[in-house]
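Note that this is a predicted model, so its numbers are computed, not measured. FYI, side chains are in, hydrogens and waters are out, and symmetry mates aren't considered; it's all heavy atoms of this structure. Lettering of chains follows the sequences in order, A, B, ..., and the numbering in each one begins at 1.
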There are 2 protein chains.
Amino acid sequence: MDDKLDAIFSALADPTRRAILGRLANGKATVAELADPFELSQPAISKHLKVLEQAGLIRSGREANSRPRVLEPAALKTVAAWIADYRRFWDQSFDRLDDYLSKVQGYEND
Amino acid sequence: MDDKLDAIFSALADPTRRAILGRLANGKATVAELADPFELSQPAISKHLKVLEQAGLIRSGREANSRPRVLEPAALKTVAAWIADYRRFWDQSFDRLDDYLSKVQGYEND
DNA sequence: TAGCTATATAGCCATATGGATATATTGTGG
DNA sequence: CCACAATATATCCATATGGCTATATAGCTA
């Protein structure tokens, strides 16, 4: 799972790739469509797509001449699950845990 | 905000750094304490800490001889906020949005 | 089959990253 | 002030990353 997170976070660290995911949130798209908003070469986009796919964030389809991409939510869910463990540090709705933690931390910290 | 996400995701892409955050979730810790679980040199850990700090994920304190680190939840909250936009793709509790989206996507996809 | 369209792959290059060792810096205690 | 402890900074090195151009591959369509 750690390896997965490595790949996922690493894929998400690039703004072009996040923008691509944003586009795919509206539905599947061809490589050309995904490339359109950017001033990057087509191979550069293909490379980004490969990174996203290897991280499990998207999938490739096949449709006539083109290979449309779709979002693969599971990978994002993995991230959400990871970050959920930290939610208590900022979210009011985790008050009881928060109280508990501030006691524990207060003990350790002072 | 995009720049922030770049730095944050990039920082989170390394398992050592995620482990450090995990340790800091139990309360503040010195560099030596943070380095202890790893078979890495002290400078390597300092480098990781610098990356985490520049991403805003941790802060440095000062206490006698040592510079203890603490978690900085805001940066993680930023990630949670980003990913929340995708929550509808996997979470049942977002059913209405999900329905809406599947209609929209169905339209675009078929 | 020939040619066009869509996309992938191969190289190549510059910069970034993660690690190591050696050394500098800063604070504490004697 | 000295010596030690804790941590940071400076190099250096190997590998990874992101971009480009050129070229290969696959599927239509005439």
Cluster question for you: counting only ILVMFWY and a side-chain heavy-atom cut-off of under 4.5 Å, with indirect links fine, are Leu52(B) and Trp90(A) together? yes
Shared hydrophobic cluster for Leu5(B) and Val51(A) (ILVMFWY, side-chain gaps under 4.5 Å):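 No, no single cluster joins them.
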Expressed in angstrom and rounded to an integer, what is the separation of [X] atom [atom1] from [N] atom [atom2]?
X: Glu33(A); N: dT5(C); atom1: CD; atom2: P; answer: 17 Å
X: Ile45(B); N: dT7(D); atom1: CD1; atom2: P; answer: 12 Å
X: Asp6(B); N: dA16(C); atom1: CG; atom2: P; answer: 14 Å
X: Glu53(A); N: dT7(C); atom1: CD; atom2: C1'; answer: 13 Å
X: Lys50(B); N: dG18(C); atom1: NZ; atom2: C1'; answer: 14 Å
X: His48(B); N: dG18(C); atom1: NE2; atom2: P; answer: 6 Å
X: Lys47(B); N: dT9(D); atom1: NZ; atom2: C1'; answer: 10 Å
X: Leu12(A); N: dT17(D); atom1: CG; atom2: C1'; answer: 16 Å

The criterion is side-chain contact (heavy atoms from CB on, under 4.5 Å); which residues satisfy it with [X], sequence neighbours excluded?
X: Pro37(A); value: none
X: Glu33(A); value: Arg23(A), Ala29(A), Thr30(A)
X: Ser10(B); value: Ala13(A)

Is there a side-chain contact between Phe9(A) and Val79(A), using heavy atoms and a 4.5 Å cut-off? yes
Quick one: what's the B/S/- string for nucleotides 24-30 of chain D, heavy-atom cutoff under 4.0 Å, read 5' to 3'? --SBS--
Can you tell me if the side-chain N/O atoms of Ser46(B) get under 4.0 Å from OP1 or OP2 in dT7(D)? no
Result of checking Ile58(B), Leu21(B), Ile20(B) against Leu34(B) for side-chain contact (heavy atoms from CB on, under 4.5 Å):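 That would be Ile20(B); it is the only one of Ile58(B), Leu21(B), Ile20(B) passing the side-chain contact (heavy atoms from CB on, under 4.5 Å) with Leu34(B).
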Any idea which of dT7(D), dC20(D), dA8(D) is nearest the Arg69(B) side chain? dA8(D)
For the side chain of Tyr86(B) and the backbone of Lys77(A), is there at least one donor-acceptor N/O pair under 3.5 Å apart? no
Are any protein N/O atoms closer than 3.5 Å to N/O atoms in nucleotides 21-23 of chain C? If there are, list each pair with its distance.
none

Looking at every strand, decide which applies to Glu39(B) at a 4.0 Å heavy-atom threshold: base, sugar-phosphate, or nothing. sugar-phosphate
Less than 3.5 Å apart, which donor and acceptor atoms pair up between the side chains of residues 64-73 of chain A and the rest of the protein, not counting sequence neighbours?
residue  : atom : partner  : partner atom : Å
Ser66(A) : OG   : Glu63(A) : O            : 3.4
Arg69(A) : NE   : Ser60(A) : OG           : 3.1
Arg69(A) : NH1  : Arg67(A) : O            : 2.6
Glu72(A) : OE1  : Arg59(A) : NE           : 2.6

